[in-house]
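Just follow the structure's listing: the first ligand is 1, and inside any ligand the first atom is 1. Computed from a prediction, not measured in an experiment: that's the story for all the values here.
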Amino acid sequence: EPYISPAAIEAVRAAEWVTVFSGAGMSAESGIPTFRDAQTGLWERFDPAQLATPEAWSGDPALVWGWYQWRARLVRDTEPNAGHRALTALAADRSVLVVTQNVDDLHERAGNEVVAHLHGSLFAPRCSHCETPYRGVDADPDNAVEQVRVEPPTCPICLSPVRPGVVWFGEALPGDAWTRAEQAIAAAQVVIVVGTSGIVYPAASLPERAAGAGIPVIEVNPVASALDDVVAHRIAAPAGVGLPALVRAVAERP
Ligand code: APR
Ligand code: ZN
């Protein structure tokens with residue numbers, strides 16, 4: 001069992017509202033690669049400038065569409081892990097609100113209450129011009145083909161290419177998601193940061209804002225992140241070990 005400070009346990013036990021701020025490490029034990037872990041990180045294997053920017057999209061829509069369909073298929077072929085399930089258990093007798101940087105749907109599939117997808121979703125493709133959500137079967141990841149370049153579908157309304165529903169570097173975050181995330185952070189008596197390197201803004205400013213407001217921040221990560229100076233308690237463990245341990249400790253009568 002990883003060490004968890006009594007103060008961290010008590011903070012969660014006493015909280016009516018717990019806000020979780022998750023990153024790619026939350027899904028690592030499900031088999032979804034993170035971005036910056038050595039060797040396995042997506043940005044160790046792929047160039048974000050070629051795949052995750054508006055310029056990449058306008059330069060080669062088929063390369064970008066194909067890559068995101070591949071990522072969506074990876075998620076479709078995997079399951080939530082013990083960390084996601086622990087958050088659902090924690091929500092049995094308190095409100096657990098999830099603000100995630102992740103574009104997978106593993107929190108939802110585990111029954112977590114997701115209030116904000118700060119960086120969008122792999123499962124919400126939309127028209128690149130008129131923004132109409134696209135739900136055609138040719139965008140269904142189950143039908144994703146194992147090809148590097150796949151022509152994106154065409155919007156039935158305005159005939160523009162359909163784009164991935166994710167936020168690319170340099171793009172603004174969805175306004176409604178940002179507002180809900182701010183509200184979830186403001187309402188929390190404790191914030192649990194899970195599996196993020198904490199270096200991408202504005203998302204990373206949310207745990208900093210919580211700490212600045214005197215809200216205890218607990219981090220679950222095998223290694224310290226860039227948020228370490230705002231973290232009151234770190235559980236040095238993977239999400240699939242640290243979160244179940246925290247939930248067990250909170251459930252034990254004091
Ligand atoms: N459990 C918990 N944390 C883990 C695990 C695990 N099993 N495995 C790795 N980690 C931690 C790593 O130590 C690291 O701190 O997860 C973090 C992953 O960091 P990143 O790969 O940078 O992912 P993230 O912080 O979510 O990236 C933020 O960057 O590329 C953009 O939009 C993308 O949302 C993403 C954003
Ligand atoms: Zn359109």
What protein heavy atom sits nearest [atom], and how far off is it?
{"atom": "atom 9 (C) of ligand 1", "value": "Asp37 OD2, 3.1 Å"}
{"atom": "atom 23 (O) of ligand 1", "value": "Ala24 CB, 3.6 Å"}
{"atom": "atom 1 (N) of ligand 1", "value": "Ala239 N, 2.8 Å"}
{"atom": "atom 34 (O) of ligand 1", "value": "His119 ND1, 2.9 Å"}
{"atom": "atom 30 (O) of ligand 1", "value": "Trp43 NE1, 2.8 Å"}
{"atom": "atom 6 (C) of ligand 1", "value": "Gly25 O, 3.3 Å"}
{"atom": "atom 18 (C) of ligand 1", "value": "Gly195 O, 3.8 Å"}
{"atom": "atom 13 (O) of ligand 1", "value": "Asn221 OD1, 2.9 Å"}

- Item | cation_pi(Arg149, Trp65) dist<6.0 Å, angle<=45 | no

- When you look at CH2 of Trp43, are more than 12 heavy atoms from neighbouring residues, nucleotides or ligands closer to it than 6.0 Å? yes

- Message: Between Tyr68 and Trp57 (judged by ring centroids, cut-off 6.0 Å), do the two rings come close enough to count as a pair?
- Response: no

- Should Ile215 and Val217 be marked as a side-chain contact (heavy atoms from CB on, under 4.5 Å) after you check the CA-CA gap, both sets of side-chain angles, and the distance that decides it? CA-CA 6 Å; Ile215 300 168; Val217 176; 5.6 Å; no

Taking N or O atoms only and a 3.5 Å limit, does [X] qualify as a polar contact for ligand 1?
{"X": "Phe35", "result": "yes"}
{"X": "Val200", "result": "no"}
{"X": "Thr196", "result": "yes"}

- Message: Given Ala52, Gly41, Ser197, identify the one with the heavy atom nearest to atom 22 (O) of ligand 1.
- Response: Ser197

- Task: Kindly identify the option in Arg36, Gln101, Glu29 whose heavy atom sits closest to atom 27 (O) of ligand 1.
- Result: Arg36

- What protein N/O/S atoms sit under 2.8 Å from the Zn ion (ligand 2), by chain and number? Cys127 SG, Cys130 SG, Cys155 SG, Cys158 SG

- Taking all non-hydrogen atoms of both residues into account, name the closest pair between Pro174 and Val167 and its distance. CD-CG2, 3.7 Å

- Take Phe123 and Arg76, measure what side-chain contact (heavy atoms from CB on, under 4.5 Å) needs, and give me the verdict at the end. CA-CA 10 Å; Phe123 303 100; Arg76 189 57 65 80; 3.8 Å; yes

Are side-chain N/O atoms of [X] and [Y] paired as donor and acceptor at under 3.5 Å?
{"X": "Gln101", "Y": "Thr196", "result": "yes"}
{"X": "Ser22", "Y": "Thr100", "result": "yes"}
{"X": "Asp37", "Y": "Thr34", "result": "yes"}
{"X": "Ser225", "Y": "Glu219", "result": "yes"}

- Query: If you measure from each heavy atom of Ser225 to ligand 1, is any distance below 4.0 Å?
  - Reply: no

Atoms in ligand 1 with a heavy atom of [X] nearer than 4.0 Å:
{"X": "Ala28", "value": "7 (N), 8 (N)"}
{"X": "Gly23", "value": "26 (O)"}
{"X": "Val223", "value": "13 (O)"}

- His117 NE2 to His107 NE2 distance, which is reported to the nearest 0.5 Å: 7.5 Å

- Message: Between Val162 and Ser128, does the side-chain contact (heavy atoms from CB on, under 4.5 Å) criterion hold? Intermediate values first, please.
- Response: CA-CA 5 Å; Val162 170; Ser128 56; over 6 Å; no

